[in-house]
Participant: 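Quick one: structure below, then a few questions.
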Amino acid sequence: LEYGIVPESLYESVIDHLRVNFPDEPLNASVGLCVHGKPCPLLEAHDLKTMQDGMSVMAMDKKSGKIAGVALNGISKRGECEKAVEEIRSVDNVQYRRIFGLLNDVNLELDLFSKYDVDRIFEIRILSVDAGFRGKGIAKELFAQSETVAKQNGFKIMKTDATSLFTQKVAESQGFHVEKSINYHDYKDENGRRIYDTQPPHLHYKVMAKLI
Ligand code: ACO
C-alpha cells in the first residue's frame with residue numbers, strides 16, 4: 001500500500017469509495033442518511049469541502065490502483081461550530097440534522113478551542129477503509145499519517161468525533177484521550193423511542209483528542 005495526501009484529481013474516486021464503504025458507519029446506519037452505492041449529496045458536500053483543506057490522507061493499493069482507505073481531515077476554526085448550529089436549522093433532511101445536530105451540539109458545549117486556547121484544530125472527520133481491506137491496521141496507519149500532516153502544518157491539537165467503537169480503539173492506540181462520551185441509547189423521542197438505534201458494539205460516541 002502507498003500512503004499519501006489525497007490529490008484533487010482523486011476527489012471523485014474518494015467519493016466513489018465512500019459511497020460503497022462509509023454507510024457502515026454506526027450513526028449513519030442507525031438513522032439511514034446514506035445507502036450503499038448511492039450518492040449522498042449532503043454528506044458528499046461535507047466530504048469535498050474537507051478534502052479541499054488539502055490535508056486528507058489515503059492508502060492506495062498499488063497493484064490494483066484501488067483506494068484501500070481514507071482519512072478526510074479538515075481544519076476546524078473557532079466560531080465555526082456556532083455557525084454550523086445555526087445553519088443546520090435550515091437543512092430539511094432529518095437524517096442529516098440528527099447526525100450533525102448531535103455532533104455540533106456536543107462540540108459546542110465541549111469548546112476545545114477555549115479549553116486548549118487554540119484558534120484551529122486538526123480534525124479527522126471521515127475515516128473509511130474498504131471492506132476488503134479491514135482488520136489489517138490501515139485505519140491505525142491513516143491516523144499516524146494524519147498526525148504527521150497535522151504536525152507539518154503547525155497544529156497543536158488533533159480531534160475526532162469517533163462514532164464507531166473501532167475508531168475509538170484506533171484513536172486510543174494512537175495516544176488520543178476521551179474528552180466526552182455519549183451513550184447513543186440515552187436519546188429518546190417524545191414517544192420514548194431511541195433516536196439513535198446503533199447496534200452493538202457501537203454504543204457510544206466519543207470525542208477524542210490528542211495534543212501534539
Ligand atoms: N471487529 C472487532 N474489532 C475491530 C474490527 C472488527 N470488525 N475492526 C476493527 N477493529 C478494532 C480492532 O480492535 C483494531 O485494533 P487491534 O488490531 O489492535 O485489536 C482496531 O479496531 C483498528 O483496526 P484497523 O485494522 O486499523 O481498522 P480498519 O483498517 O479495519 O478500519 C474502520 C476501521 C475505518 C472503522 C472500518 O471498519 C470502516 O471503514 N468502517 C465503516 C466506516 C466507519 O465506521 N468509520 C468510522 C466512523 S468515525 C469517523 O469517521 C471519525
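Everything numeric in this text was worked out from a predicted model, so none of it was measured. Remember, it's 1-based here, ligands and their atoms both numbered in the order they're listed.
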Participant: Kindly state if atom 41 (C) of ligand 1 has a protein heavy atom within a strict 4.0 Å cut-off, that is, under 4.0 Å?
Facilitator: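 Protein heavy atoms within 4.0 Å of atom 41 (C) of ligand 1 - there is at least one.
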Participant: Do me a favour and list the nearest non-hydrogen protein atom to atom 9 (C) of ligand 1 with residue, atom name and distance?
Facilitator: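 It is F166 CG, 3.7 Å.
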Participant: I'd like to check which ligand 1 atoms, numbered from 1 as shown, lie under 4.0 Å from a non-hydrogen atom of D24.
Facilitator: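 So the answer, numbered in order with elements, is 41 (C).
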Participant: Take D161 and K180 through the salt bridge (Lys or Arg N to Asp or Glu O under 4.0 Å) test and state the conclusion after the steps.
Facilitator: CA-CA 10 Å; D161 287 311; K180 176 106 185 161; over 6 Å; no
Participant: Can you name the atoms of ligand 1, numbered from 1 with element, that are less than 4.0 Å from a heavy atom of T163?
Facilitator: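 Those qualifying, in numeric order: 47 (C), 48 (S).
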Participant: Are L203 and L165 linked, directly or through intermediate hydrophobic residues, by side-chain heavy-atom contacts shorter than 4.5 Å (ILVMFWY only)?
Facilitator: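 No, L165 and L203 fall in different hydrophobic clusters.
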Participant: When only distance counts, is V129 in polar contact with ligand 1, meaning an N/O pair under 3.5 Å?
Facilitator: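 V129 vs ligand 1: N/O contact under 3.5 Å present.
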Participant: Has ligand 1 got any nitrogen or oxygen that is less than 3.5 angstrom from a nitrogen or oxygen of L127?
Facilitator: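 Such a contact does occur with ligand 1.
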Participant: Could you tell me whether K169 approaches ligand 1 through its side chain, its backbone, both or neither, with non-hydrogen atoms closer than 4.0 Å?
Facilitator: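 It is the side chain that touches ligand 1; the backbone stays farther off.
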Participant: Are V149 and L1 co-members of a hydrophobic cluster defined by side-chain heavy atoms under 4.5 Å apart?
Facilitator: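 Yes.
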Participant: Can you list the atoms of ligand 1 that are under 4.0 Å from a heavy atom of F22?
Facilitator: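 With F22 as reference, the close atoms of ligand 1 come out as 42 (C), 45 (N), 50 (O).
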Participant: So if I count the atoms of ligand 1 from 1 in the order they appear, which ones are less than 4.0 Å from some heavy atom of A139?
Facilitator: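 Answer, ordered by atom number: 26 (O), 27 (O), 28 (P), 29 (O), 31 (O), 33 (C).
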Participant: Taking N or O atoms only and a 3.5 Å limit, does K136 qualify as a polar contact for ligand 1?
Facilitator: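 K136 vs ligand 1: N/O contact under 3.5 Å present.
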Participant: Among N21, V170, L142, I67, exactly one meets side chain to side chain contact (heavy atoms under 4.5 Å, CB included) together with V129. Which residue is that?
Facilitator: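 Considering N21, V170, L142, I67, a side chain to side chain contact (heavy atoms under 4.5 Å, CB included) with V129 is found only for L142.
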Participant: Quickly, which of I138, L18, L72 forms a side chain to side chain contact (heavy atoms under 4.5 Å, CB included) with S128? Name it, please.
Facilitator: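 Among I138, L18, L72, the one that satisfies the side chain to side chain contact (heavy atoms under 4.5 Å, CB included) with S128 is L18.
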Participant: Taking only heavy atoms of D161 into account, list the atoms of ligand 1 that are under 4.0 Å away from them.
Facilitator: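 Per the distance check, 48 (S), 49 (C), 51 (C).
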Participant: Is a salt bridge present between K151 and E147, judged by a nitrogen-to-oxygen distance below 4.0 Å?
Facilitator: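 Salt bridge flag = yes for E147 with K151.
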Participant: What's the verdict on side chain to side chain donor-acceptor pair (under 3.5 Å) for D16 and S13, showing C-alpha distance, side-chain angles and the deciding distance?
Facilitator: CA-CA 5 Å; D16 287 341; S13 306; 5.4 Å; no
Participant: Considering only protein heavy atoms, which is closest to atom 46 (C) of ligand 1, and at what distance to one decimal place?
Facilitator: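 Checking every protein heavy atom, the shortest distance to atom 46 (C) of ligand 1 gives T167 OG1, 3.1 Å.
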Participant: Checking side chain to side chain contact (heavy atoms under 4.5 Å, CB included) between S30 and each of N28, L27, L33, which is the one that passes?
Facilitator: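 Single pass found, and it is L27.
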Participant: Would R120 and F155 count as a cation-pi pair here, with the cationic atom under 6.0 angstrom from the ring centre and within 45° of the axis?
Facilitator: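 Yes; both conditions hold, so R120 lies above the ring face of F155.
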Participant: Under a 4.0 Å threshold between the charged nitrogen and the carboxylate oxygen, would R78 count as salt-bridged to D119?
Facilitator: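 Yes, D119 and R78 are salt-bridged.
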Participant: For ligand 1, which atoms sit closer than 4.0 Å to a heavy atom of T160?
Facilitator: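 Near T160, the atoms of ligand 1 are 51 (C).
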Participant: If we ignore hydrogens and angles and just use 3.5 Å, is the side chain of Y187 paired with the main-chain N or O of D197 as donor and acceptor?
Facilitator: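 No; judged by distance alone, with no hydrogens or angles, the pair does not exist.
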Participant: Polar-atom distance check: G137 versus ligand 1, any N or O pair below 3.5 Å?
Facilitator: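 Min N/O separation from ligand 1 is below 3.5 Å for G137.
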Participant: Do K140 and ligand 1 have an N or O pair less than 3.5 Å apart?
Facilitator: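 Yes; the residue has a nitrogen or oxygen that sits under 3.5 Å from a nitrogen or oxygen of the ligand.
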Participant: Between ligand 1 and G135, is the shortest N or O to N or O distance under 3.5 Å?
Facilitator: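 Yes: some nitrogen or oxygen of G135 is under 3.5 Å from one in ligand 1.
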Participant: Looking only at protein heavy atoms, which one is nearest to atom 23 (O) of ligand 1, and what is the separation?
Facilitator: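 That would be V170 CG2, 4.2 Å.
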Participant: How about atom 14 (C) of ligand 1: does it have a protein heavy atom within less than 4.0 Å?
Facilitator: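 So atom 14 (C) of ligand 1 lacks protein heavy-atom neighbours under 4.0 Å.
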Participant: Against heavy atoms of R134, which atoms of ligand 1 measure under 4.0 Å?
Facilitator: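 The atoms of ligand 1 under 4.0 Å from a heavy atom of R134 are 30 (O), 36 (C), 37 (O), 38 (C), 39 (O), 40 (N), 41 (C).
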Participant: Quick one: which ligand 1 atoms are inside 4.0 Å of a heavy atom on S128?
Facilitator: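 Going through ligand 1 atom by atom, the ones under 4.0 Å from S128 are 39 (O).
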Participant: Ignoring hydrogens and angles, tell me if any N or O in the side chain of S56 forms a donor-acceptor pair with the backbone of V6 under 3.5 Å.
Facilitator: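 Looks like no, no N/O pair under 3.5 Å.
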Participant: Is it true that M55 and L127 fall in one hydrophobic cluster, defined by side-chain heavy atoms closer than 4.5 Å?
Facilitator: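 The answer is yes; both residues are in one hydrophobic cluster.
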Participant: Determine whether T160 and R125 satisfy the following criterion, side chain to side chain donor-acceptor pair (under 3.5 Å), listing intermediate values before the conclusion.
Facilitator: CA-CA 6 Å; T160 188; R125 291 194 187 139; over 6 Å; no
Participant: If you measure from each non-hydrogen atom of L165 to ligand 1, which part falls under 4.0 Å: side chain, backbone, both or neither?
Facilitator: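 Neither; nothing of L165 gets under 4.0 Å from ligand 1.
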Participant: Kindly identify the option in H17, H202, E25 whose heavy atom sits closest to atom 44 (O) of ligand 1.
Facilitator: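 Closest candidate by heavy-atom distance is E25.
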Participant: Please indicate whether any nitrogen or oxygen in I126 is less than 3.5 Å from any nitrogen or oxygen in ligand 1.
Facilitator: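 No: no nitrogen or oxygen of I126 is under 3.5 Å from one in ligand 1.
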Participant: With the threshold set at under 4.0 angstrom, would you say S173 reaches ligand 1 through any of its heavy atoms?
Facilitator: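 Contact absent.
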Participant: Any protein heavy atom lying closer than 4.0 Å to atom 19 (O) of ligand 1?
Facilitator: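 So atom 19 (O) of ligand 1 lacks protein heavy-atom neighbours under 4.0 Å.
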Participant: Give a yes/no verdict on whether any heavy atom in P26 is under 4.0 Å from an atom of ligand 1.
Facilitator: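 Distance cut 4.0 Å: P26 passes for ligand 1.
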Participant: Begin with the C-alpha distance, continue with both residues' side-chain angles, and end with the deciding distance and a verdict on salt bridge (Lys or Arg N to Asp or Glu O under 4.0 Å) for E179 and K206.
Facilitator: CA-CA 7 Å; E179 288 282 350; K206 295 184 181 178; over 6 Å; no
Participant: Classify the contact between R125 and ligand 1 as side chain, backbone, both or neither, using a heavy-atom distance cut-off of under 4.0 Å.
Facilitator: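 Looking at R125 and ligand 1, just backbone atoms fall under 4.0 Å.
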Participant: Crowded around D186 CG? As in, over 12 foreign heavy atoms under 6.0 Å?
Facilitator: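 Above 12, so yes.
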